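Here the structure is a predicted model, which means the values were calculated and not measured.
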Amino acid sequence: MSLFESIDKEKLTPMMRQYASIKDQALDSILMYRIGDFYEMFFDDAIEASRVLGLALTGRDCGLEERAPMCGVPHHASLTYVKKLIENNYKVAICEQLEEPGQGKALVERGIIKIYTPGTIIDTEYLSDDDNNFLASIYVDENISIAYADISTGELYVSNDFVFDSFKSIYDEVMRIHPKEIIVNDVKLYSKFKELGYYTVLKNEVPNFEEIKEKISEFTGIDINAQKNIVNLRFSILNLFKYLFENKNINLKHIDSIISYDISKYLELDESAIRNLELSKNITDNTKKGSLLSILDKTITSKGARRLKAIIERPLKDIREISYRQNVVEVFYNNPIEAETIKNLLSKTFDIERIASKISEKSASPQDLLNLKETLRIIPLIKDEISALGSDAMKRLSDLDEHKEIYKKLQDAIADEPSMSINDGYVIRHGYNSELDEIRDDKTEITDKLINYENELRAKTDIKTLRIKYNKLAGYYIEVSKGQADKVSDEFERTQTLKNAERYKTKKLREIEYNVLNSSSIALALEKNIYFEMLDSFMEFIPSLKKLAFDLAEIDVYIALSTVARENRYIRPKFNTESRIELVNARHPVIEMMNGLEEFIPNDVNLNSLDRVAIITGPNMSGKSTYMRMVAIIQIMAQIGSFIPADSGDLSVVDKIFTRIGASDSLYSGKSTFMVEMSEVSYILKNATKNSLIILDEVGRGTSTFDGMAIAKAVVLYITDRVKAFTLFSTHYQELSNLESLSNIIFNLTLTIKEEGNDIMFLRKVKPGITSKSYGIHVAKLAGLPDEVISKARKFQKDAEINYRNGRQVDFLNNSYEEEPVGVDNQLRDYILSLDINSMTPIDAMMEINNIIKKAKE
């Protein structure tokens, strides 16, 4: 039982009873309770918050024998603290004063106005500019559906007619979405995602369809009846909205459509491929550095960066759409001066997608509106530049809505240098509203009276230090230094004594103060009314503002891709329908940037109907993995519409890319690395098609040599006989090179090595053929193993090779072997070496050899 749950609430003071009743509504949250200029936290919340936020833990009298643990933060700086709590997976409820404190009022009314969770934030102070902040909802019934939304941008997606039939398929989709928070209705899924570190919420009650549907119509911009591409509102969407409504996020007019997506329209990338190919994050520390995104991201707008990331993780399969993107990239590629001009114009725009969301929430600041105005000012200039390119490919991009009505209203209404907040006034431009101007003029006259009165008092009392000052707590007051306080007359009423000064009020000052404050209050109320009416008038434009944001992001992405292509010498690939992947002098886009354009060794790729499955041999560090990843990454680049790092490229569209590379942490508790490897290989073999690309690196190395070789051989033959996908299979089992003779679609590749005595040099050039040696000891030497270890390893290797050639069992423990093979003459040895083991499993082959040796000994 928590500390808060154990207290006797009847004994609490009136204010703390109010706190307790509100806390009961948010037991799963840290409650920030507004008292004056601070948000205070009490009991368990205070203990937790003080630890996470590094705040001093104090106490407050609460009516109990012991003081209530307490800590607090200034209300004007609360966003920083809320963000830190959310980053530490806490839910935060904001309890605000719902009325102004009044004279003689015992208790101010308070209530929860906002609940913050990782997936429901719209405040830009919390958000990453170049990443979406998705809230995902997964609902399991006879099927599984996924809906996800970014409340800060108004995007809402739902899976359409796609059945997620396993935890892995759901997990793969979640990895593509990268949600900050997940709502699930299934206890097992809840536990799984919780274990994986996601902020996960369990909501397993069935949502009331009609009630939620009615609220969606009332509180969002979605016209339910107009959703032609969705037969029913899926429960995943209903649960998502139910959660939003419960979290006080009910002002969602900027969410105006449900985008139904079909995963089958995109190149399928499972979690393993996204991770191993390092598309948006590197494997080492999960940052952008060293990823494909880091190379391609030359965007200069926030929405452009978010759009590029989404494009990379969902490559296309429709050649027409791919070609459209290529056409636009090519136009910018061929017109670098014009592209640079448009890029400079884009750099002056702002994130109007998120500004639109703030308009909907009535939380747009004066600066947000200035940023919107500046963006709209730039739009006609961008349109002119795009139209001047005169290309058919650019027609779709040139259709930018200038929103002249919004621009004019902002130009007329908002001051050039407004206050930071509408609560401070002086946001509305002078001349926009005559009534407001009149009140402001009256206020100026009254303020002048204050100045005149101060001069009058100073002259009458001959007190040179006399000043009329103001603060929010005391209002207007007269301040006189201690040394001249004896000069004040009886009309001065002392209100406060300070160390070096005395403060007073007079009857006349109170009259002027009343007029000033009353005038300010009336002016501010009118200004707020004008401001929020203006925000209301913009609501109808939110869908078109969001479309404009998307269009600007598309332009930004295409210019970025053209810039990368030009700087890094990329070419436009062709696409064929003859099932082949052909690349000349292809390069890995990330590694060539790390090594330098001139240092990277390019390689050719030829996969087709005859040469479909490549067995790649070569020592560690020779470049096998780089070569395979390069092929997959270039395929992805081509299918997002990007140019590629090669001298030429002629590609087929692939439907799926699968990777099995290196050791992997288990996604499923209790499974060994080898078990995970086999699970992933099994998934690949069951889901790949003849139009897929498979990358397999060292399959079978997590078990004994014979087991591993047998598994590797079986996997390759299954792919050639059943799947027939484009496959790159790297291995240290050189014996697998013999599989080339078993299938007309298997061929061998190897990495070129230069030997000089006991030393080797990696030339990193791929060529047809096989590797006769593994070079493991050479690599160990390069890695810096002690000379004594290298020397012993070479001796053990030599002994083992002699035993193997002579048909004897290798004894590594004692390192012993017979000097001559007993009863085995040269003719029998030649027979053993010529034995056709290609038609056998490795185990059958060894048994056959042992039988021959046994007979020879007899």
[X] with [Y]: basic N within carboxylate O range, under 4.0 Å:
X	Y	answer
R377	E374	yes
R458	E454	yes
K84	E87	no
K505	E513	yes
E479	R503	yes
R354	D368	no
D351	R306	yes
K449	E445	no
K460	D462	no
R307	D556	no

Lys NZ or Arg CZ of R494 over Y504 ring: under 6.0 Å, within 45°: no

Got [X] and [Y] here, is their nearest side-chain heavy-atom distance under 4.5 Å?
X	Y	answer
F4	L31	no
M32	L85	yes
P118	E181	yes

Distance (rounded to the nearest 0.5 Å) between [X] [atom1] and [Y] [atom2]:
X	Y	atom1	atom2	result
S489	K487	OG	NZ	13.0 Å
N371	L376	CG	CG	11.0 Å
L509	Y514	CG	OH	15.5 Å

Trace of the side chain to side chain contact (heavy atoms under 4.5 Å, CB included) decision for L64 with E66: CA-CA 5 Å; L64 303 175; E66 305 230 350; 5.6 Å; no

S481-N500 side chain donor-acceptor pair, cut-off 3.5 Å: no

Geometric class of the F134/Y148 ring pair [parallel <30°, tilted 30-60°, perpendicular >60°]: perpendicular

Salt bridge (Lys or Arg N to Asp or Glu O under 4.0 Å) between D131 and K309, intermediate numbers included: CA-CA 8 Å; D131 201 4; K309 184 173 181 289; 3.7 Å; yes

Over all atoms of both residues, closest heavy-atom pair of T506 and E491: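 That would be CG2-O, 3.7 Å.
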
Over 12 non-hydrogen atoms of neighbours within 6.0 angstrom of NZ in K9: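 For K9, atom NZ is crowded (more than 12 foreign heavy atoms under 6.0 Å).
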
